[in-house]
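Chain letters run A, B, ... following the sequence lines, proteins first, then strands; residues in each count from 1.
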Amino acid sequence: MINHAWIIPVLPLAAAVIVALAGKRGDRLAGSISAGAIFFSLIISLKFFAAFLVNPAAKEVSWVWLKSAGNLTLEVGMLIDPLTVIMLVVVTFVSLMVQIYSMGYMAEDEGKARYFAFISLFTFSMLGLVLANNLVMVYMFWELVGLSSYLLIGFWYHKPEAANAGKKAFVVTRFGDLGFLIGILVLGYFLNTFNIIEVGTAAQTGKLTGGLGTCVALLIFAGAVGKSAQFPLHIWLPDAMEGPTPVSALIHAATMVAAGVFLVARVFPVFTASDTAMLVVAYVGGFTAIFAATIACVQDDIKRILAYSTVSQLGYMMMALGCGGYFAGVFHLMTHAAFKALLFLAAGSVIHAVHTNNIWEMGGLIKRMGITGTTMLIAAVALAGVFPFSGFFSKDAILFAALDAGRMDLLVLGIFTALLTSFYIFRLFFVVFTGKPNSTQPGHESPAVMTMPLMTLAILSLGLGFFAARFEHFIVASLGANREILHQHNRLVPMFAFLAVLFGFGWAYLVYFQKAISATLLTRKFSLLYKLLKHKYFIDEIYLFFVRYVMLVVSAGLAWFDRQVVDGAVNGVAWLCRRMGAGIRRLQVGRLQAYIFAFVLGLIVLAVSLLVTHPDVMAIIP
Amino acid sequence: MMITLTHYLVIGCILFAISMYGVFTRRNAVALLLAIELIMLAVALNFTAGTRFLGDAGGQIFAIFVITVAAAEAAVGLALVIAIYRNQKDVDLDRLTILKG
Amino acid sequence: MLTMIGFYLLSVLAVVAGLFLVLSRNLLHAVLALAVASMAVAGLMLTLSAEFLAFVLILVYIGAVVVIGVFAVMLTGHFDHPKLPTSNELKGLGAVTSLGLLFLLLGVVLIQPIAQARTVAELSVKQIGTLLLTKYVLPFELVSVLLLAALIGAIVIARGKED
Amino acid sequence: MSNWFILLPEIILAFTIMLVLIVDLISTSCQRLWLGVLSLVGILLTVICLWIVPSGAFGEAFLNDGLARFIKSIVLLALLLVVLFSWDFDKVWGRPLGEYLVLLLSSGLGILFLASGTEMILLYIGLELTTFPLVLLTAYCPADKKSAEGGLKFLVLAALGAAVLLFGFSLIYAAAGTTQLQALVPALIQTGNTPLVLMGLLCILAGLGFKMALVPFHMWVPDAYEGAPTAITAFLSVAGKTAGFVLAIRILATGFPVQVSEWSRIFAVLAAVTMCLGNFAAIPQTNMKRLLAYSSIAQAGYIVMGLVAFQVLGLSSILYYLTAYLFANLAAFGVVIAVERSSRSVELSAYHGLAMRSPRLALIMLLALLSLAGIPPLAGFAAKFYLFAAVYSEGYIWLVVLAVLNSALSLYYYLKVIRAIYIQKPAADAVQPVTVPLALTIVLVVTTFGILALGVYPSPIVDLAREVVVLFLTP
């Protein structure tokens with residue numbers, strides 16, 4: 001059966017080629033072709049999933065592709081284990097939802113065919129990445145994923161921000177990718193293999209120890225940092241929101257950005273072999289989680305809020321992996337894929353209706369967009385992590401992982417992030433869907449082709465959590481049977497987490513729903529205070545003060561740092577490359593004799609440097 | 001004192017360097033082509049001298065071919081100079097800078 | 001002894017003519033300088049007992065190259081204005097570089113003189129003819145293709161537009 | 001005296017040249033089609049003969065071995081495809097086709113001799129026979145100022161390059177007393193590495209560097225490439241480069257194996273400088289021909305690494321790389337020619353939105369550029385893999401790292417083109433699909449197939465290249 005797994009990625013590739021070659025003529029059928037292809041991929045993936053539920057042993061198949069002398073060999077192959085089948089299902093499923101949704105969302109767009117070709121190409125690359133059995137192939141598909149996301153982000157070429165965002169995503173991730181590539185090469189150099197299973201075995205048997213192991217793990221992590229938008233390479237993700245919203249749902253929420261997390265999970269033994277590397281992963285993840293969550297609290301653009309939320313949640317997953325919580329990280333990846341895709345698609349539905357991204361120009365939409373509003377509420381609750389929604393289970397798993405690892409600081413940080421998460425997502429919800437309608441825009445419910453995926457995803461966001469225990473055994477199986485699942489059944493952790501969520505919700509409710517504290521009227525600060533006291537919101541007020549005058553200032557400061565400093569550094573490197581190019585170009589002055597001069601001068605320099613350093617010449621000079 | 005191969009090589013080198021100066025500095029395309037012909041002359045001399053002192057016939061044969069190719073080069077050069085002249089009414093190399101960058 | 005005097009005289013002549021070629025402001029003078037230089041080099045070839053080569057050189061350089069040079073001068077209008085535009089701004093830099101090249105080459109040639117002549121060979125015209133049709137027949141045939149191609153191409157380009 | 005049979009392929013090609021010339025003289029303008037057909041048939045016959053005639057030497061100057069055969073096949077394939085590129089050259093450019101084909105085939109004939117020559121005189125004549133027709137073809141449309149200017153620059157620099165090479169030959173000859181490359185080895189061992197020998201070698205390297213377009217001997221490349229008619233640019237970039245590399249392999253492997261440490265050190269430096277300069281200078285280009293010119297300089301920088309790692313692996317990687325490069329570059333130039341035919345422009349702006357107008361052309365360009373950038377699973381990746389692995393196994397790790405970094409850098413400008421094709425909006429007046437004539441379609445199909453096949457299943461060519469090189473290096 002495994003021999004036929006290649007069909008899963010090849011179907012979308014075929015769809016991409018067909019749609020691309022059909023050009024304008026294929027406009028009408030483009031959506032159906034690519035959605036149809038991915039539908040069959042999903043069916044096959046589900047078959048694999050079912051088969052692996054029964055027998056979760058990893059299976060591998062490979063062929064030799066390039067063979068240079070010595071032991072430098074490149075293989076083409078597939079590795080299928082529980083992690084793979086989960087990713088296969090997640091990718092094909094979200095991709096199918098997004099493609100169906102896109103048929104409605106992009107109905108009016110001129111470049112529809114191009115869009116579906118790109119999105120199929122992206123799905124193909126992502127599936128190839130998931131299936132690859134060796135790191136070189138992983139890297140190839142990794143780059144292909146980057147390329148197709150570059151094309152999709154810059155899809156609306158006429159918007160200069162879109163074009164720039166595409167370029168930026170490409171340039172920024174390149175930094176991480178470079179580290180990843182070097183990591184792979186170093187690994188290949190020392191272990192003489194790129195095969196994931198063999199690398200894992202080598203790491204477990206202690207062949208990757210000390211500085212080397214740490215070094216390799218961190219280099220690979222660099223790639224994950226770039227792709228999964230971890231600090232400090234997270235800056236491309238918010239900008240990437242310039243692309244069409246379904247693309248954001250697919251690439252920047254559910255699949256591509258999860259590739260970094262997937263990568264770390266894929267070569268998990270390499271990381272567990274080095275405590276330092278695990279520490280770095282955990283703290284980079286933890287810091288990113290809280291850092292991005294604070295920024296999300298002050299954004300006005302609906303997609304930017306979700307983008308920072310994604311960065312924050314990916315940080316969460318990284319933190320889980322860094323704490324050794326393999327299951328927690330992968331499970332959160334899965335649930336997050338469902339509810340974040342839903343959030344984005346719902347946001348897209350809203351944008352589609354009101355033609356703006358600014359949340360302050362929306363409002364009261366729940367009445368006119370019942371399905372969108374309801375499904376978004378479900379997703380928000382799931383993101384916030386309220387029992388019994390899926391987010392609750394996966395987040396608790398992460399917090400437990402931190403507890404198991406004995407990292408109390410990360411645990412506290414995680415709980416605080418949960419508070420912030422709850423705050424910003426309900427802030428979003430209240431501002432957009434409740435209150436007075438800002439009726440400059442008509443706003444109407446989206447067509448069924450768009451709401452159907454919303455509802456399907458909503459069901460998953462709600463229900464996935466109940467299978468947590470089942471998944472846990474299944475996922476952990478891919479690490480080898482000898483690994484025990486530790487759990488300190490601590491009641492306090494979920495309780496604290498729930499309290500944090502409640503706090504966040506409460507503040508969002510007060511500020512943005514009840515408008516108990518007007519967010520705009522700074523001048524009425526004192527009457528406000530009075531009102532507050534009268535309404536006995538005194539305890540809240542301390543926190544509110546914190547939110548308004550400390551948190552928001554800190555967040556705004558961080559946001560500024562983000563856009564100016566980190567961003568600037570990246571743009572600087574690209575700028576430098578262009579300057580170098582322009583400078584070298586000026587050497588080609590166009591005058592014939594300058595060329596001749598360069599020729600002869602080159603000859604003289606080479607001659608002198610060869611002659612004066614040559615031992616035979618030195619010997620005869622008196 | 002005998003005249004040796006080295007003597008001829010020295011003359012060859014001097015002629016080579018002189019023509020290189022011409023190649024660097026002449027603004028006129030015809031003058032530059034003439035300087036290149038001088039290089040070929042220097043090379044032909046080197047090869048001829050080689051045969052005489054080294055006892056291998058290849059040098060002189062090589063020299064014959066070098067001279068032949070020099071003639072062909074002159075013909076091609078003339079054609080190009082005429083083409084350039086037709087385009088810009090002179091053969092000033094400093095004005096030949098459409099292609100650059 | 002006679003060879004030695006001849007060598008030095010002809011060498012000086014060749015070098016002076018060469019200098020004249022690259023320095024003269026009059027293009028026609030430069031062409032004539034090439035003619036003189038080729039005659040001097042032909043003379044040097046005579047001192048090497050390569051009479052056939054000397055004749056070939058005179059024939060080709062004076063008969064073809066110099067004539068082409070005169071044509072070029074004529075066709076590009078320099079008969080009317082024989083004064084050349086002065087050399088370009090690479091004058092100083094070019095002089096330094098050429099001098100550097102000269103010293104480099106002289107150093108390379110002089111620092112370790114070539115081992116003394118093994119044999120002193122003289123090639124007769126007959127020998128050269130035989131060699132060209134036996135050992136060197138391939139380049140001999142090939143150079144005819146080269147001349148043909150150069151000629152055809154030169155005509156097409158010089159003719160310009162199709163009539 | 002010797003076995004003329006060995007020369008049969010060259011004789012057929014020379015015969016074809018004469019036949020084209022004669023047919024051109026006697027035919028009327030409506031019979032022009034026959035010129036192209038005749039050339040194609042001649043080239044095909046040459047290829048077939050190439051693999052029929054036995055290996056062996058003709059005198060001391062000419063050697064038909066596996067290496068020669070491999071290179072000749074590449075060059076003849078390039079010649080074939082470029083003839084197809086130029087199928088209606090006379091209509092498009094308004095210049096005579098007969099003479100054009102004669103020059104093109106002569107240049108090809110010259111390269112055949114470069115691939116087989118083992119003697120300085122023959123190699124020199126072969127080199128000039130390769131170069132002069134190319135110079136003339138570059139200037140073939142002299143009413144176009146760019147063409148004439150490119151031609152003159154090419155001529156002067158080519159003459160200078162050849163003169164420097166020749167001067168090097170004369171110094172080596174003065175030291176060794178032979179023009180025979182094999183005979184050089186014992187003679188140079190006897191003289192040792194005197195300054196004279198080293199200087200001669202250096203001049204030869206500079207001349208070769210000119211032909212291979214290595215920095216700082218590369219300055220002619222962008223200008224000549226931009227000035228030449230596009231089909232000729234394609235030929236220059238593929239066959240011209242192949243000629244340079246085979247000439248270098250012949251001269252250095254046969255004549256200077258003892259001095260390998262000297263010249264491989266120099267090539268290492270030149271390779272590093274060349275790839276960096278080529279890639280950086282390509283970034284700001286907006287003219288496709290110029291962009292591809294700088295890209296080809298960068299590619300030369302990679303290929304010359306194979307000479308640095310002068311072993312079976314290194315040389316066979318060069319052969320494989322040249323094959324892969326042929327397909328990718330000719331595919332790219334095929335698209336450039338197609339676009340130029342319809343829009344009369346080679347500027348990047350003519351490619352805006354090509355994906356919407358002509359999705360097939362766009363896809364071919366995408367594949368070609370990605371192959372040039374070395375993206376798997378295309379031919380360029382396999383080529384880079386073998387080349388880099390070879391250099392790596394010879395211990396030049398810094399060079400490999402630099403080359404990998406450069407490959408990443410090169411994506412910057414290849415993606416610029418891809419972005420123009422796939423993402424940018426076409427100009428208002430450019431809405432018609434690009435029409436592609438049959439001859440061009442054939443080239444595009446063949447090259448695209450080559451890009452994919454060589455990338456996915458490289459072993460046949462790789463094994464052939466290795467076999468050929470092993471035979472070449474074993475005395």
Side-chain angles (χ1 to χ4, degrees), chain A residues 17 20-24 65-70 72 74 76 111 113-114 118 136-137 140 143-144 147 150-151 154-155 157-158 163 166-167 170 174 177-178 181 185 574 577-578 580-585 587-588 590 592 594-596 598-603 606-607 610-611 614 616-617 620, chain D residues 152-153 156-157 160-161 164 192-195 198-199 202-203 205-206 209-210 215-217 219-220 222-223 262 265-266 277 280-285 312-313 355-360 362-363 375-377 382 385-386 389-390 392-393 404-405 408-409 412 415 419 422-425 456 458-459:
Chain A
V17 172
L21 286 184
K24 271 241 173 294
W65 175 30
L66 302 178
K67 188 166 178 15
S68 187
L72 262 172
L74 281 196
V76 180
R114 199 159 50 102
F118 287 166
V136 176
M137 267 179 80
M140 291 171 190
E143 290 293 347
L144 199 55
L147 175 73
Y150 162 78
L151 292 172
F155 181 74
Y157 47 79
H158 46 81
K167 225 187 295 175
F170 196 76
R174 209 116 269 275
D177 294 355
L178 198 62
L181 180 64
L185 294 178
C577 278
R578 279 201 303 278
M580 292 270 294
I584 286 173
R585 184 184 187 175
L587 289 179
Q588 189 85 10
L592 177 57
Y595 300 175
I596 298 172
F599 190 109
V600 177
L601 205 63
L603 177 67
L606 282 183
L610 178 71
L611 288 174
H614 201 282
D616 294 1
V617 179
I620 58 165
Chain D
L152 187 72
K153 284 177 173 174
V156 170
L157 285 163
L160 189 78
V164 169
N193 289 331
T194 60
L198 291 177
M199 189 65 204
L202 220 95
C203 287
L205 291 185
F210 166 83
V215 175
F217 314 114
M219 304 287 259
W220 63 281
D223 291 6
E262 280 81 15
R265 223 168 13 166
I266 288 176
L277 187 135
F280 272 118
I283 290 175
Q285 301 302 330
V312 174
L313 274 181
M356 271 173 271
R357 285 180 287 150
S358 309
R360 275 167 291 259
L363 191 65
I375 300 291
F385 171 80
Y386 287 116
Y392 179 83
S393 64
V404 170
L405 286 176
L409 180 64
Y412 194 100
L415 279 178
R419 195 169 138 253
Y422 276 92
I423 294 183
Q424 257 148 0
K425 203 184 174 73
V456 174
S459 15

Undergrad: Could you give the distance from CG (A:Leu147) to CG (D:Leu415), rounded to the nearest 0.5 Å?
TA: 6.0 Å

Undergrad: Is any side-chain heavy atom of A:Leu603 less than 4.5 Å from a side-chain heavy atom of D:Val164?
TA: yes

Undergrad: Using heavy-atom distances under 4.5 Å, tell me whether D:Leu277 contacts chain A through its side chain, its backbone, both, or neither.
TA: both

Undergrad: Heavy-atom cut-off 4.5 Å, strictly under: side chain, backbone, both or neither for A:Leu181 against chain D?
TA: side chain

Undergrad: Of all heavy-atom pairs between A:Ile584 and D:Ala281, which one has the smallest distance, and what is that distance?
TA: CG2-CB, 3.7 Å

Undergrad: Where does D:Leu202 contact chain A at under 4.5 Å (heavy atoms): side chain, backbone, both or neither?
TA: both

Undergrad: Do the non-hydrogen side-chain atoms of A:Phe599 and D:Phe210 ever get within less than 4.5 Å of each other?
TA: yes

Undergrad: A side-chain contact here means heavy atoms from C-beta on lying under 4.5 Å apart; do D:Asn193 and A:Val617 qualify?
TA: no

Undergrad: Sort A:Leu144 into side chain, backbone, both or neither according to what part of it lies under 4.5 angstrom from a heavy atom of chain D.
TA: neither

Undergrad: Which atoms of D:Leu205 are under 4.5 Å from chain A, going by heavy atoms: the side chain, the backbone, both sets, or neither?
TA: neither

Undergrad: Answer whether the closest heavy-atom distance between the side chains of D:Phe217 and A:Leu606 falls below 4.5 Å.
TA: yes

Undergrad: CE/A:Met580 to CD1/D:Ile283 distance, rounded to the nearest 0.5 angstrom?
TA: 8.5 Å

Undergrad: Please examine the side chains of D:Pro458 and A:Leu66, heavy atoms only from C-beta on, and report whether any two atoms are closer than 4.5 Å.
TA: yes

Undergrad: Between A:Ile596 and D:Leu157, is any pair of side-chain heavy atoms under 4.5 Å apart?
TA: yes

Undergrad: Is there a donor-acceptor contact under 3.5 Å from the side chain of A:Arg585 to the main chain of D:Pro284?
TA: yes

Undergrad: To the nearest 0.5 Å, what is the distance between CG (A:Leu587) and CZ (D:Phe280)?
TA: 13.0 Å

Undergrad: Tell me the closest heavy-atom pair linking A:Gly602 and D:Pro216, and the distance in Å.
TA: CA-CG, 3.6 Å

Undergrad: Tell me which of these, D:Met199, D:Gln285, D:Arg265, has more heavy-atom pairs under 4.5 Å with chain A than the rest.
TA: D:Gln285

Undergrad: Side chain from CB out, backbone as N, CA, C, O: work out which of these in A:Leu610 comes under 4.5 Å of a heavy atom of chain D, or both, or neither.
TA: side chain

Undergrad: With chain D as the partner, which of A:Met140, A:Glu143, A:Met137 has the greatest number of non-hydrogen pairs under 4.5 Å?
TA: A:Met140

Undergrad: Give the minimum heavy-atom separation between A:Cys577 and D:Leu409, together with the two atoms involved.
TA: SG-CD1, 3.9 Å

Undergrad: Sort D:Val404 into side chain, backbone, both or neither according to what part of it lies under 4.5 angstrom from a heavy atom of chain A.
TA: side chain

